[in-house]
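Here is how names work: the chains are called A, B, and so on, in the same order as the sequence lines, proteins then strands, and each is numbered from 1. Side chains included, hydrogens not; waters and symmetry mates left out as well; all remaining heavy atoms used.
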Amino acid sequence: MTKQHVAFKLNGKQVDVLVEPRELLVHTIRESLSLTGTHIGCESSHCGACTVDLDGKSVKSCTVLAVQANGSELKTVEGLADAEGLHAVQQAFIEEHGLQCGFCTPGMLIRAYRFLQENPNPTEEEIRWGMSGNLCRCTGYQNIVKAVQSAAQTLQKA
Amino acid sequence: MDNPTEQQDREDTLKGVGCSRRRKEDARFVQGTGRYTDDIKLPGMLFADMVRSPYAHARIKSINKEKALALPGVHAVLTADDLKPLNLHWMPTLAGDVQAVLADEKVHFQYQEVAVVIADDRYIAADATELVEVEYEELEVLVDPHRAMDADAPILREDLVGKMDGAHSVRVHDNHIFNWQAGEKDATDRVFEQAEVTVKQDMYYPRVHPCPMETCGCVASYDKINEHLTVHLTSQAPHVVRTVVSMLSGIPESRVRIVSPDIGGGFGNKVGIYPGYVVSIVASIVLGVPVKWVEDRMENISTTAFARDYHMTGEIAADSEGRIKALRVNVLADHGAFDACADPSKFPAGLMHICTGSYDIPVAHLNVDGVYTNKAPGGVAYRCSFRVTEAVYVIERTIDVLAQKLGIDKAEIRRRNFVKVEQFPYKTCLGWELDSGDYHTALEKVLNAVDYESLRREQQEKRAQGELMGIGLCTFTEIVGAGPSRNCDILGVGMFDSAEIRVHPTGSIIARMGTITQGQGHQTTYAQIIASELGISSDDISIEEGDTDTAPYGLGTYGSRSTPVGGAATAVAARKIRAKAQKIAAHLLEVSENDIEWDIDRFKVKGVPGQEKTMKEVAWAAYNNVPEGMEPGLEAVDYYDPPNFTYPFGIYLCVVDIDKSTGETSVRRFYALDDCGTRINPMIIEGQIHGGLTEGFAVAMGQEMPFDEQGNLLGNTLMDYFVPTFVETPHWETDYTVTPSPHHPLGAKGVAESPHVGSIPCFTSAIVDAFSHLDVTHMNMPHSAYRVWQKVHELGLDSPV
């Protein structure tokens with residue numbers, strides 16, 4: 001199948017890749033670009049393990065074609081920490097024990113990162129609805145809610 | 001004089017047992033640098049994908065690979081006929097049966113593996129599966145296990161026709177797998193005949209799936225030059241996989257390396273050995289390149305290891321005061337097309353004979369028949385210790401029914417029947433020895449915490465207003481930590497577990513275990529055990545698991561066995577090191593070993609302040625200044641064969657409100673008290689309990705795998721199969737008591753499965769309680785809104801007043 005040239009900004013760096021028109025963004029990120037933090041849990045948009053930040057929106061990269069990302073700005077879990085250290089959501093997930101097996105965690109973090117920009121001071125109910133596109137089988141969510149609350153406080157102080 | 005503050009500081013520095021230490025594994029997981037099976041990419045790696053049967057029962061008339069093989073990028077298409085010369089078209093199961101690796105002449109369940117395609121990438125492999133032409137002749141399908149042993153039932157397993165000596169018992173029908181019994185039938189029957197009161201309740205524990213976030217998969221890599229096989233795979237028991245792979249392939253075990261890398265949740269789904277693993281290994285050996293296979297979500301739910309599917313009848317004989325005199329349990333177990341249950345070999349129904357629960361029951365009888373149906377194989381312990389979930393469900397449901405019949409409160413009837421604290425260790429009538437417990441204290445703690453009397457009063461008021469409010473109670477006893485090798489083995493290997501600890505000269509430590517973490521936080525908690533035993537900070541202790549080339553042999557992580565067995569091995573290995581270290585310390589301090597005492601992180605000369613050597617100092621000396629005749633070094637290994645199981649317990653209480661117009665259940669309150677003995681890391685314990693309760697909620701309220709009459713699985717995506725989101729999941733309240741296990745070196749019992757095991761009957765108890773004033777004694781799971789509404793409607797409660 002003829003490949004197409006796709007260019008986008010990934011975690012602040014310009015990247016160019018050749019992809020098949022049918023290739024899913026998650027496969028491009030994981031296999032062509034070797035960033036395996038973004039996970040595949042269902043390939044049907046239900047679980048959210050593949051959530052990435054695409055032009056300021058949380059999207060499930062298992063149901064976005066790589067060609068659709070052309071010209072976009074993408075952020076994955078690998079782009080959350082910076083020279084200063086971990087992002088507040090990452091630190092809060094550690095402190096509040098918001099992860100166990102870690103498989104849903106990158107999707108949770110990248111969603112929490114965007115959600116707290118959409119709603120910097122959320123109630124518990126707003127967190128539960130705002131994060132509800134991401135499934136977790138280990139934690140029962142309670143500590144993730146605490147982590148998002150805690151990160152919200154940290155980010156507000158900053 | 002010892003300074004308590006200084007001692008406390010030294011204790012705190014260790015971050016040992018009892019500390020809510022933050023997890024060592026989190027740094028990589030929050031930064032996306034975990035390494036899961038699908039993250040592994042090897043040079044020249046090809047992808048495998050399965051051709052699966054659309055039919056539940058059919059004869060394969062022909063398979064035509066030509067079109068698939070003609071597709072550019074396809075390297076091979078393998079069928080059972082290709083595996084036959086290698087004798088790999090069938091493989092042994094963990095339950096003494098055999099299972100088709102690729103369908104051999106017949107398919108036995110929908111989505112069964114018929115052929116495997118190996119191609120350059122996963123897209124081409126998927127394309128090619130659709131080009132493999134398979135001609136089927138449909139056969140009569142057996143879905144209902146109650147029909148399995150009818151004279152006119154279609155025979156599923158032609159390979160077993162006439163072989164009436166099964167792996168566990170004589171078979172009485174070609175679709176029969178085993179009959180298994182525990183206890184005394186005649187004595188039990190006699191008590192029932194003379195009992196003042198008897199109750200009997202039929203219940204179905206639906207077929208469900210553990211559905212971890214990461215599906216199953218592997219990367220097989222055979223090195224032809226060195227004749228060495230490496231397989232990275234999602235296994236909860238990598239050492240067992242190595243043994244099986246060696247037995248199947250003929251490659252010496254020393255040249256097979258199995259690696260369980262980071263695992264994205266297991267919950268029992270990753271105990272089994274699946275056709276995808278076997279064909280990937282074969283393909284890698286044949287093609288000489290690495291081969292990756294990763295199942296998608298539909299394949300995961302449809303084919304790799306379901307759980308439960310028990311049709312149970314619980315019967316209790318009691319006196320008029322509600323004191324239980326006998327228990328009778330009958331089970332029809334639907335095992336699907338191949339008996340691939342993951343249980344200790346001697347127990348085809350797992351530890352189902354823990355079904356006497358927390359109660360002092362004089363006599364009991366358990367009877368289980370396993371049958372074949374046209375469904376996927378499995379029968380794993382979904383966050384459960386080998387059918388203890390089913391066992392707890394049947395006893396907890398049946399005791400509720402007894403309470404209802406006698407008009408005794410469900411908390412009170414439990415008080416009357418609990419094993420009393422002074423009776424421990426308590427020998428159950430079905431042969432277990434409950435190690436320790438204090439059920440009465442725990443129950444009162446919960447009832448006080450929720451103000452049970454007020455809840456009952458409120459329920460009365462609500463009922464008077466026509467509202468539906470239910471209070472559920474579950475007072476369970478688990479059996480975990482399988483297990484003593486005298487009665488527990490997997491494929492003949494005793495169910496011990498192991499730890500190997502090495503103290504380096506500068507006083508840091510590496511330790512390796514035979515277990516494998518899947519989210520439980522072993523890298524954190526095992527280090528805490530060693531820290532407390534050896535006086536080295538857990539921050540300086542690295543834990544490694546999952547690589548069979550380096551870790552000592554162990555049976556893996558499932559059935560809450562890591563802390564009871566692996567944790568015990570860790571403590572014992574550490575104690576061996578401390579014993580040697582004490583000799584070295586005595587040598588350094590020039591005193592007799594008997595004059596030395598241990599104090600947190602150092603050896604002291606008794607009664608001589610200041611005369612001491614820290615463990616770090618001793619570690620250094622172990623490599624350059626040991627007593628004459630002692631070998632240098634400071635390390636130990638322990639293979640721990642537990643003397644008994646451990647028996648964690650819990651008291652769970654749940655309050656629900658049911659909307660009569662929609663059948664929707666709102667969990668107003670869920671209070672979970674767990675007693676897992678000594679608590680190693682309270683933060684992790686609480687996290688495990690939250691997770692287990694949520695999985696229990698999922699099972700009770702929505703999970704099921706329904707089949708139509710043709711054996712089609714109706715619901716194998718996350719659209720249909722219930723995995724609760726943030727929104728549905730209730731808020732959890734946790735509490736604890738501590739009753740250490742008398743036989744475990746640390747007194748710890750294991751905890752991760754209790755919340756799953758205990759919460760499920762608690763939810764059913766609450767739902768049924770909402771209708772109990774209307775003579776409803778039981779409702780089968782899942783308690784989805786529609787099913788609850790059906791009950792509301794049946795009772796006429798939804799009609800306008």
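Considering only heavy atoms from C-beta on, A:Arg128 comes within 4.5 Å of B:Thr729 through its side chain. In this structure, the side chains of A:Ser34 and B:Lys41 come closer than 4.5 Å at one or more pairs of heavy atoms. A:Cys47 places a side-chain heavy atom less than 4.5 Å from the side chain of B:Leu718.
Nearest heavy atoms, A:Asn143 versus B:Gly687: ND2-CA, 4.4 Å. Residues B:Val727 and A:Trp129 approach most closely at CG1-CZ2, 3.4 Å, considering heavy atoms.
Heavy-atom distances place both the backbone and the side chain of A:Glu31 under 4.5 Å from chain B. At a 4.5 Å heavy-atom cutoff, the contact between A:Leu86 and chain B is made by side-chain atoms alone. Only the backbone of B:Gln518 comes within contact range of chain A, with heavy atoms under 4.5 Å apart. Heavy-atom distances place the side chain of A:His27, and not its backbone, under 4.5 Å from chain B. Looking at B:Ile689, there are no atoms closer than 4.5 Å to chain A (heavy atoms on both sides), in backbone or side chain. For B:Tyr36, the part lying near chain A is the side chain, with the backbone staying farther off; criterion is any non-hydrogen pair under 4.5 Å. With a 4.5 angstrom heavy-atom cutoff, B:Ile263 touches chain A only via backbone atoms. Of the atoms belonging to B:Met719, heavy atoms from both backbone and side chain fall under 4.5 Å from chain A. Using a 4.5 Å cut-off between heavy atoms, A:Leu99 contacts chain B through both its backbone and its side chain. Both the backbone and the side chain of A:Gln90 come within contact range of chain B, each with at least one heavy atom under 4.5 Å from a heavy atom of that chain. For B:Ala698, the part lying near chain A is the side chain, with the backbone staying farther off; criterion is any non-hydrogen pair under 4.5 Å. Looking at A:Thr105, the atoms closer than 4.5 Å to chain B (heavy atoms on both sides) all sit in the side chain, from C-beta outward. For B:Pro210, the part lying near chain A is the backbone, with the side chain staying farther off; criterion is any non-hydrogen pair under 4.5 Å. With a 4.5 Å cut-off on non-hydrogen atoms, B:Phe697 does not touch chain A at all. If you measure heavy-atom distances from A:Gln91 to chain B, you find no contacts under 4.5 Å at all. Heavy-atom distances place the backbone of B:Pro730, and not its side chain, under 4.5 Å from chain A.
Ranked by heavy-atom pairs shorter than 4.5 Å toward chain B, the options A:His87, A:Arg30, A:Glu23, A:Glu78 are led by A:Arg30. Listed options B:Thr33, B:Thr694, B:Asp39 were ranked by heavy-atom pairs under 4.5 angstrom with chain A; first place goes to B:Asp39. If you tally non-hydrogen atom pairs under 4.5 Å between each of B:Gly265, B:Pro212, B:Pro724 and chain A, the highest count goes to B:Pro724. Most heavy-atom pairs under 4.5 Å with chain A, from the set B:Pro72, B:Cys211, B:Ser20, B:Gly34: that is B:Cys211. In terms of heavy-atom pairs under 4.5 angstrom with chain B, the leader among A:Ser45, A:Ser132, A:Pro106 is A:Ser132. Chain B forms more heavy-atom pairs under 4.5 Å with one residue of A:Glu124, A:Glu95, A:Glu96, A:Glu125 than with any other, namely A:Glu95.
Taking SG from A:Cys42 and CG from B:Asn300, the interatomic distance works out to 11.0 Å, rounded to the nearest 0.5 Å. Atoms NE2 and CG, from A:His97 and B:Asp26 in turn, are 7.5 Å apart once rounded to the nearest 0.5 Å. Atom NE2 of residue A:His39 and atom CG of residue B:Asp38 lie 9.0 Å apart, to the nearest 0.5 angstrom. Summarising the geometry, atom OG1 belonging to B:Thr725 is positioned 6.0 Å from atom OH belonging to A:Tyr141; distances are rounded to the nearest 0.5 Å. In this structure, SG on A:Cys101 lies 7.5 Å from CD on B:Glu214, to the nearest 0.5 angstrom. Atom CD1 of A:Ile40 and atom CZ of B:Arg122 lie 5.0 Å apart (nearest 0.5 Å).
Each of B:His690, B:Gln520, B:Arg23, B:Gln688 was checked for a side-chain hydrogen bond (donor to acceptor under 3.5 Å, both in side chains) with A:Gln100, and the lone residue meeting it is B:Gln688. Screening A:Val89, A:Val77, A:Ile94 for a side chain to side chain contact (heavy atoms under 4.5 Å, CB included) involving B:Val30 leaves a single residue, A:Ile94.
Counting non-hydrogen atoms of neighbouring residues, nucleotides and ligands closer than 6.0 angstrom, the NZ atom of B:Lys15 reaches no more than 12 such neighbours. In this structure, A:Gln117 places its CD atom where more than 12 heavy-atom neighbours from other residues, nucleotides or ligands lie under 6.0 Å away.
Of the possible donor and acceptor atoms, none in the side chain of A:Arg137 sits under 3.5 Å from a partner among the backbone N and O of B:Met213. In terms of modelled atom types and a separation under 3.5 Å, the side chain of A:Gln142 and the main chain of B:Trp732 share a donor-acceptor contact.
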Notebook entry, point to check: What do the steps show when you test A:Cys136 against B:Phe726 for side-chain contact (heavy atoms from CB on, under 4.5 Å), and what is the final call?
Noted result: CA-CA 9 Å; A:Cys136 171; B:Phe726 278 87; over 6 Å; no

